[in-house]
Amino acid sequence: MKALILGGTTEATALARLLSGHPVIEAGVSLAGRTKQPVLPPLPTRIGGFGGVDGLVAHLADNGIQAVVDATHPFADQISANAAAACARAGVPLLVLTRKPWAPDAGDRWIGVADMAAAAEALRPLGDHVFLTIGRQEVAAFEAVPDKSYLIRAVDPPEPMPNLPRHTLILDRGPFTLEGELALLAEHRTDVIVSKNSGGTATEAKLEAARRRGIPVVMVERPAGNGVAEVHDAPAALRWLEGLVHHARTP
Ligand code: NAP
């Protein structure tokens, strides 16, 4: 059976590892090509957009894809919507593999917001030193609140660099340690963190560090899903794929 993994996450790479050398599932991975030096999965990998829903439908047909696992980031809502529409049109089974969202713990001071514009607004009554841990694509939303001092951490620099008069850019890729995060918050006298509710362990330490220092986290909640079945770990996605193979073989 030929399967396509829509990737760009540690979950996608974990599934690729499980499928590498699989006896009956021939899988490949697709990456958007956003990250300059991506961690390449151990499976044949194509890079770049498909050209919307029509392009993805054509890709599925041209490559004889019989199952798709959407293992993209929980905030990559365009490709997930495209995958849902394309698979429905092509009659190809689709599963979403996504890490569980984080939930606040006792002692957390989270301010939940729906999107990045609301996150910027939520900063107004809060402290001056803001730590943006939201990736590089939506930093421009904070131009609406330019009078803060921003520490921006991302894998690659925002392009173009947003017009924020006081900012410091750190290029780094997780996983991050609690000790490292505590040191960073102290060094930059951070008053508030802005985060997406991405979930997962690689970047979770910042939340524990915020809890220990008693600082608030403006948490951008996930966009609504597309009604597609979800699993939260790579072995569950593998079981789903193997179940499809079994189903196809059972008369
Ligand atoms: P997006 O806004 O949902 O997608 C925009 C367009 O990028 C899609 O319409 C599609 O182009 C292309 N695309 C996205 N993911 C693709 C994939 N895996 N393979 C082929 N084309 C893809 O996506 P995004 O938020 O820019 O994220 C891009 C990639 O970075 C995703 O693969 C995601 O897993 C990863 N990522 C995103 C975030 C985040 O916070 N958004 C964080 C970490 C990693 P066409 O319409 O031309 O097909």
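As the structure lists them, so they are numbered: ligands from 1, and atoms in each ligand from 1.
- Shown in contact with Q137 at under 4.0 Å from a heavy atom are these atoms of ligand 1, numbered in order with element: 24 (P), 25 (O), 26 (O).
- Protein heavy atom nearest atom 48 (O) of ligand 1, with residue, atom name and distance: F50 N, 2.7 Å.
- There is no path of hydrophobic side-chain contacts, each under 4.5 Å, that joins L182 to I170.
- T13 places a side-chain N or O within 3.5 Å of a backbone atom of T9 that can act as its donor or acceptor partner.
- In the model, R46 has a side-chain atom that pairs as donor or acceptor with a side-chain atom of S30 under 3.5 Å.
- In terms of protein heavy-atom proximity, atom 31 (C) of ligand 1 is closest to G7 O, 3.9 Å.
- Among all non-hydrogen protein atoms, the one lying nearest atom 43 (C) of ligand 1 is H73 CD2, 3.3 Å.
- Using a 4.0 Å cut-off to heavy atoms of G8, the atoms of ligand 1 that qualify are 34 (O), 35 (C), 44 (C).
- Here the side chains of I111 and L126 are in contact, with some heavy-atom distance below 4.5 Å.
- Taking every non-hydrogen atom of T72 and a distance limit under 4.0 Å, the qualifying atoms of ligand 1 come out as 18 (N), 32 (O), 34 (O).
- Using a 4.0 Å cut-off between charged side-chain N and carboxylate O, K36 and E159 make a salt bridge.
- Counting heavy atoms only, G51 comes closest to atom 47 (O) of ligand 1 of the residues G51, A154, S30, P223.
- With respect to D128 and K148, no salt bridge is recorded, no charged nitrogen being found less than 4.0 Å from a carboxylate O.
- The distance from ligand 1 to the heavy atoms of G52 drops below 4.0 Å at these ligand atoms: 45 (P), 46 (O), 47 (O), 48 (O).
- Here atom 25 (O) of ligand 1 lies nearest to A76 when heavy atoms of A83, S80, S198, A76 are compared.
- In this structure, A71 falls outside the shell of residues with a heavy atom less than 4.0 angstrom from ligand 1.
- Compare G33, G49, G55 by their heavy atoms: the one nearest to atom 21 (N) of ligand 1 is in G49.
- By heavy-atom distance, the residue among I5, L6, I79, I134 lying nearest atom 14 (C) of ligand 1 is I79.
- Counting the atoms of ligand 1 from 1 in the order shown, those under 4.0 Å from a heavy atom of N82 are 9 (O), 46 (O).
- Scanning Q78, R34, E11 for the heavy atom closest to atom 12 (C) of ligand 1 points to R34.
- Between E11 and R99 there is a salt bridge, with a side-chain nitrogen of the basic residue lying less than 4.0 Å from a carboxylate oxygen of the acidic one.
- The contact set between ligand 1 and D77, taken as ligand atoms under 4.0 Å from a residue heavy atom, comprises 3 (O).
- Under the 4.0 angstrom criterion for non-hydrogen atoms, L31 is in contact with ligand 1.
- Here K100 does not pair with D233 in a salt bridge; the nearest charged N to carboxylate O distance is not below 4.0 Å.
- The closest protein non-hydrogen atom to atom 17 (C) of ligand 1 is A32 N, 3.5 Å.
- When all heavy atoms are compared, the tightest approach of A12 to G7 is CB-CA, 3.5 Å.
- Note on R239 versus E242: no salt bridge recorded, every NZ/NE/NH1/NH2 to OD/OE distance being 4.0 Å or above.
- Between K196 and E221 there is no salt bridge, since none of the side-chain N atoms of the basic residue sits less than 4.0 Å from a carboxylate O of the acidic one.
- For atom 40 (O) of ligand 1, the closest non-hydrogen atom on the protein side is K196 NZ, 2.6 Å.
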